[in-house]
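Below is one structure; the comments refer to it alone.
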Amino acid sequence: MNNSEKAPKRLLEIYSALNGKYGRLLCPLKSSNPLQLMVATILSAQCTDKRVNQVTELLFKKYRNVKDFAGASQEELEAIIRPVGYYHAKASNIIKSCRMLIKDFSGKVPASMEMLILLPGVGRKTANVILGNAFAVPGFPVDTHVKRLMNRIGIVKNEESPEKIEFAVTSLMPDKYWTDFSHLLIAHGRNRCKARRPDCANCEIRKLCDYKEKKS
DNA sequence: CTCCCGATAT
DNA sequence: ATATCAGGAG
């Protein structure tokens with residue numbers, strides 16, 4: 001018994017309390033391969049996964065592989081992804097990233113953080129989504145939900161950077177839990193611990209959380 | 001730090 | 001009308 005065994009206790013209790021409450025854990029982004037997951041995750045910035053999935057259904061019929069995306073017309077790609085917002089930057093990043101995949105990565109999405117974040121439009125959050133969901137490599141993506149919940153629960157204080165939150169959680173929890181834990185936090189953030197009107201009265205982890213709902 | 005940006009909920 | 005959504009780049 002040492003400190004490294006005691007430290008993860010609180011996060012593992014949260015994990016256990018949430019596990020199974022939101023059905024089977026699935027990646028919210030519909031995709032059937034690493035390339036599609038990379039594209040879908042680039043599109044997901046500041047947009048609901050529901051809308052991303054609506055767009056990708058059409059998108060993946062028109063563009064079926066890395067070469068299709070690398071040779072895509074900027075205008076045609078923008079027209080398809082427009083509903084997700086930031087369409088100019090996202091279309092540009094997808095085309096540039098796929099050209100880089102062909103030029104520098106043998107046409108394949110790399111399975112390492114250092115390589116993934118070299119791709120335009122791919123930061124640590126997107127890279128961790130790809131690692132965890134496409135390659136089964138341990139990754140803990142910190143999105144808006146994870147950031148909000150980790151602050152409310154009290155794992156971190158006062159809106160620390162996503163990177164600090166990522167390192168705080170990954171240092172307190174065995175890597176085998178990271179990907180599933182991120183899915184649990186996202187599901188909980190969407191259904192219960194919402195940004196606007198958190199349902200603390202019915203919260204499964206009320207006892208494990210520092211946040212108290214304000215009564216107006 | 002600002003900017004990028006459309007669709008939905010409140 | 002405003003806040004929010006699986007963020008990232010300059």
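The chains referred to below are lettered A, B, ... by the order of the sequence lines, with proteins before strands, and numbering in each begins at 1.
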Mind checking what makes side-chain hydrogen bond (donor to acceptor under 3.5 Å, both in side chains) contact with [X], not counting sequence neighbours?
X       : value
E204(A) : R192(A)
K90(A)  : none
Q74(A)  : E78(A)

How would you label the contact of [X] with the nucleic acid (heavy atoms, under 4.0 Å): base, sugar-phosphate, or nothing?
X       : answer
P162(A) : nothing
I130(A) : nothing
H183(A) : base
V146(A) : nothing
T41(A)  : nothing

For residues 135-142 of chain A, please give each side-chain donor-acceptor pair under 3.5 Å, one per line with the distance, not counting sequence neighbours.
none

Chain A footprint on DNA chain C, 5' to 3' - any atom under 4.0 Å from a heavy atom:
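Span of nucleotides near chain A: dT2(C) to dA9(C).
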
Is the shortest side-chain heavy-atom distance between L35(A) and C98(A) below 4.5 Å?
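Result yes, sub-4.5 Å side-chain heavy-atom pair found.
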
Nearest nucleotide by nearest heavy atom, which residue falls closer to the 5' end of DNA chain B, R196(A) or R82(A)?
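It is R82(A), whose closest nucleotide lies nearer the 5' terminus.
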
Map P28(A) and V122(A) onto DNA chain C by nearest heavy atom, then report which one ends up closer to the 5' terminus.
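Between the two, 5'-proximity favours P28(A).
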
Tell me the interatomic distance from Y87(A), atom OH, to dA7(B), atom C1', rounded to whole angstroms.
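These atoms are roughly 14 Å apart.
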
In whole angstroms, how far is the C1' atom of dA7(B) from the NZ atom of K90(A)?
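Atom-to-atom, K90(A) to dA7(B), this comes out as 12 Å.
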
Would you mind writing out the side-chain donor-acceptor pairs for residues 108-120 of chain A within the sub-3.5 Å range, not counting sequence neighbours?
residue: S112(A); atom: OG; partner: M115(A); partner atom: N; Å: 3.3

Strictly below 4.0 Å, heavy-atom distances to any atom of DNA chain C: list the hits from residues 48-60 of chain A, or just say none.
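Residues of residues 48-60 of chain A that come under 4.0 Å of DNA chain C are, in numerical order, T48(A), D49(A).
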
Which whole number of Å gives the distance between the P atom of dG8(C) and that of dA7(B)?
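These two P atoms come out 22 Å apart once rounded.
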
Would you measure the distance from the P atom in dA1(C) across to the matching atom in dC4(B) and give it in whole Å?
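To the nearest whole Å, 23 Å.
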
Using distance only, find each side-chain donor-acceptor pair of residues 18-32 of chain A under 3.5 Å and give its atom names and separation, not counting sequence neighbours.
residue: Y22(A); atom: OH; partner: H188(A); partner atom: ND1; Å: 2.6
residue: S32(A); atom: OG; partner: Q36(A); partner atom: OE1; Å: 3.1

With a 4.0 Å cut-off on N to O distance, would you call R10(A) and D210(A) a salt bridge?
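The answer is yes: the pair qualifies as a salt bridge.
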
Enumerate the residue pairs fulfilling side chain to side chain donor-acceptor pair (under 3.5 Å) with a member in residues 129-151 of chain A, sequence neighbours excluded, ordered by first and then second residue.
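Non-adjacent pairs meeting side chain to side chain donor-acceptor pair (under 3.5 Å): N133(A)-H183(A), H145(A)-R148(A).
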
